[in-house]
Amino acid sequence: MGKVAVVGAGMTKFVRRAQETGRELAWQAARMALDSAGMTLKDVDAVVIGSAPDAFDGVHMKGEYLADGSGGWRKPTMRNFVGGATGVFAPIQGWYHIASGQFDTVLVVCEEKMSSCHPHPQGAFLTIFDHTTERPLGPNLLWIFAIEMNRYMTVHGITKEEIALVAVKNKRNAMDHPCAQLGEELTVEDVLNSEIMAWPVNRLDVSPASDGAAAVVMCAEHVAKRVTDKPVWVEGVGWHLDTAYWTNRDLYYPRYVEYAARMAYDMAGIKEPRKEINIVEPYDPFDYKELHHLEGLLLCERGEAPRLTADGVTQRDGDLPVCPSGGLLGVGNPIAAAGLMKVCEIFWQLRGEAGKRQVPGTPKRGLAQAWGDLMQVGAVIILGR
Amino acid sequence: MREKLTNPEDVRTWPGTIPVEYVYTAGVAGEAYLRAIKERGCLAASTCPDCNIDYLPPRLYCERCFAKTDEPRDVAARGVVETFTVAHRDLDGRPLEPPVIYAFVRIAGTAGGLIHRLGDVEPGDVHIGLEVEAVFRPPAERVGSILDIEHFKPVG
């Protein structure tokens with residue numbers, strides 16, 4: 001398989017309600033990504049679009065709807081959707097478009113406009129559950145994930161205070177992100193005292209609903225060497241699916257994340273992830289999910305992630321910076337765009353272009369991960385320079 | 001279940017809905033379009049400075065080259081029927097009485113156009129190439145919607 005590089009990245013501001021349509025947001029991010037690579041639409045052979053359920057934007061066949069704003073006019077274009085994992089799966093799709101030898105340059109664009117869904121996107125989440133066994137109970141993601149969080153806390157004896165440190169860290173990191181929706185200086189007490197949504201989940205444990213788009217430009221080795229002297233290479237990719245019956249699994253551990261990570265580590269030749277990964281952007285729609293995912297990614301032992309957080313290891317200047325962007329908790333969570341934002345962040349960090357968010361030293365390798373559907377899909381991408 | 005069911009009620013079912021509602025924004029270019037319709041009783045188009053293509057409805061960007069388009073300009077709501085149909089059934093298959101004429105109208109002086117209803121004309125008198133113009137609702141009744149245009153009618 002051919003080598004594949006990321007050579008450009010762009011994103012819109014993440015906001016609660018954008019005046020721009022989804023396709024206008026997509027264009028802003030895509031244009032920024034192309035400009036940053038010194039390329040134009042003429043250089044693009046194919047387009048990959050990632051967007052989560054049509055029900056968010058309230059537009060059926062959202063891939064077709066977004067195509068012109070994503071650069072898909074008269075080009076081979078496809079849209080993927082694997083729930084919340086979409087934003088990391090989209091560049092994986094870009095990778096195999098190029099690694100296969102079929103295309104030299106691919107524009108990858110992810111968009112979500114969740115403000116369209118009224119009064120709240122939770123209404124769209126209701127119907128992702130089984131209509132016979134669960135929907136009659138009126139499930140929403142807050143209490144579904146509260147159930148998972150409680151299991152995780154109880155199995156390992158983790159406190160809410162330890163978990164709240166993640167929200168404090170990420171919202172503070174987001175203060176340095178020009179596109180962030182919810183950057184804020186908070187204390188653990190602020191998180192614990194915020195409104196209880198579904199115990200043990202309080203309002204500040206959760207990321208917001210957002211509108212936004214993100215994009216990257218990916219290309220084959222011979223193109224990358226021509227257009228940049230700072231290519232960021234795709235070293236590993238992995239994705240994995242567990243059953244939709246979450247009833248037959250133990251929710252304390254995300255096995256689908258581990259399997260996706262193992263696939264990516266194998267491809268990248270990584271034997272000891274804790275030593276060989278320098279920065280991580282795990283998916284953090286809830287604060288406990290950052291910890292849960294660090295464990296699934298084999299970056300620490302099961303139940304150990306809260307201690308890394310308390311010890312400052314995961315701070316931007318720590319030994320293993322985690323969510324230096326500010327994550328979904330701070331930057332915002334336009335589902336697919338949020339996942340790709342994490343890939344953009346690794347790209348900027350590895351190029352030394354992350355501005356005030358730049359982690360110290362010269363990180364050589366970073367990992368972005370997203371998770372989606374019914375606690376079910378894991379997608380992992382490893383980038384290196 | 002192998003026997004043939006003639007009555008769908010023989011399979012136990014229950015009704016369900018997907019209960020979502022939406023609020024949409026018009027977007028940057030869409031806002032300019034709806035304001036032209038509501039405030040000035042005309043349409044709007046935007047032009048790509050590089051490709052020199054007129055977009056109607058206006059767009060923020062050119063889909064061909066990704067350039068930002070010029071500011072939308074007003075365009076008279078007049079054009080030519082490029083194709084049309086006469087609908088005799090509604091969304092649910094019920095008879096439409098009278099039938100409704102839907103046309104794609106290419107707007108004069110642009111590369112674009114819009115789909116709308118035709119009125120003040122009998123279906124038998126419509127033909128491809130017919131010149132038409134928009135009939136707007138009275139200014140006080142316009143809300144900033146494509147339905148501020150009641151229909152298109154033959155010119156003259």
Side-chain angles (χ1 to χ4, degrees), chain A residues 15 17-35 39-44 47 53-60 66-75 107 109 113-128 131-132 135-136 138 211 215, chain B residues 1 8 11-39 44-72 91 110-115 144-146:
Chain A
V15 296
R17 187 187 304 283
Q19 161 68 8
E20 290 86 350
T21 59
R23 58 207 338 174
E24 288 173 342
L25 290 169
W27 170 72
Q28 288 177 352
R31 176 72 200 260
M32 179 178 166
L34 282 171
D35 286 350
M39 298 173 99
T40 73
L41 204 49
K42 282 202 183 98
D43 300 312
V44 173
V47 170
D54 292 352
F56 287 149
D57 287 46
V59 177
H60 270 166
L66 292 171
D68 66 281
S70 305
W73 184 77
R74 293 190 185 169
K75 291 187 194 297
L107 178 59
V109 184
K113 187 162 185 187
M114 302 178 71
S115 68
S116 300
C117 202
H118 185 75
H120 194 279
Q122 285 299 334
F125 281 123
L126 167 66
T127 47
I128 67 176
H131 53 65
T132 306
R135 254 172 74 181
D211 294 350
Chain B
M1 290 299 284
V11 179
R12 286 197 185 181
T13 61
W14 62 93
T17 54
I18 295 187
V20 273
E21 292 177 11
Y22 295 96
V23 290
Y24 297 103
T25 62
V28 176
E31 180 86 10
Y33 188 51
L34 294 181
R35 284 194 181 282
I37 290 172
K38 178 174 187 243
E39 295 168 4
S46 61
T47 303
C48 172
D50 297 333
C51 302
N52 205 26
I53 290 172
D54 298 306
Y55 289 105
L56 187 150
R59 306 196 201 169
L60 179 61
Y61 55 88
C62 175
E63 66 184 9
R64 297 167 185 235
C65 74
F66 258 20
K68 188 175 191 303
T69 53
D70 294 335
E71 286 298 307
L91 210 56
T110 78
L114 73 163
I115 288 180
S145 155
I146 194 69

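Order of the sequence lines sets the chain letters (A, B, ...), proteins ahead of strands, with each chain counted from 1.
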Under a 4.5 Å heavy-atom criterion, the part of residues 19-28 of chain B in contact with chain A comprises B/P19, B/V20, B/E21, B/Y22, B/V23, B/Y24, B/T25, B/A26, B/G27, B/V28
Here the gap from A/R74 atom CZ to B/E63 atom CD, rounded to the nearest 0.5 Å, amounts to 8.0 Å
Smallest heavy-atom separation, B/F66 atom then A/S70 atom, equals CZ-C, 3.7 Å
Whatever's closer than 4.5 Å to a heavy atom in chain B on A/F125 counts as neither
So, the part of A/S116 with a heavy atom under 4.5 Å from chain B: the answer is both
Greatest number of non-hydrogen atom pairs under 4.5 angstrom with chain B, of A/E20, A/K113, A/Q28, A/R31, falls to A/R31
Kindly check if the number of other-residue, nucleotide or ligand heavy atoms within 6.0 Å of CD (A/Q122) is above 12?
yes
Greatest number of non-hydrogen atom pairs under 4.5 angstrom with chain B, of A/G22, A/G71, A/G69, falls to A/G69
inquiry  = Is it the case that the side chain of B/Y61 and the backbone of A/E24 share a donor-acceptor pair, with hydrogens and angles ignored and the cut-off at 3.5 Å?
reply    = no
One option among A/L41, A/T21, A/V59, A/D57 has the most heavy-atom pairs under 4.5 Å with chain B, and it is A/L41
Quiz item: In terms of ring plane angle, is the pair A/H131 and B/W14 parallel, tilted or perpendicular, where the classes change at 30° and 60°?
Solution: perpendicular
For residues 44-60 of chain B against chain A, heavy atoms under 4.5 Å, the residues are B/R59, B/L60
The interface call for A/A30 against chain B, heavy-atom contacts under 4.5 Å, is both
Given A/A67, A/C117, A/S115, A/A124, the one with more heavy-atom pairs under 4.5 angstrom with chain B than any other is A/C117
When the 4.5 angstrom heavy-atom criterion is applied to A/R135 and chain B, the contacting part is side chain
Applying a strict 4.5 Å limit to non-hydrogen atoms, the region of A/L25 in contact with chain B is neither
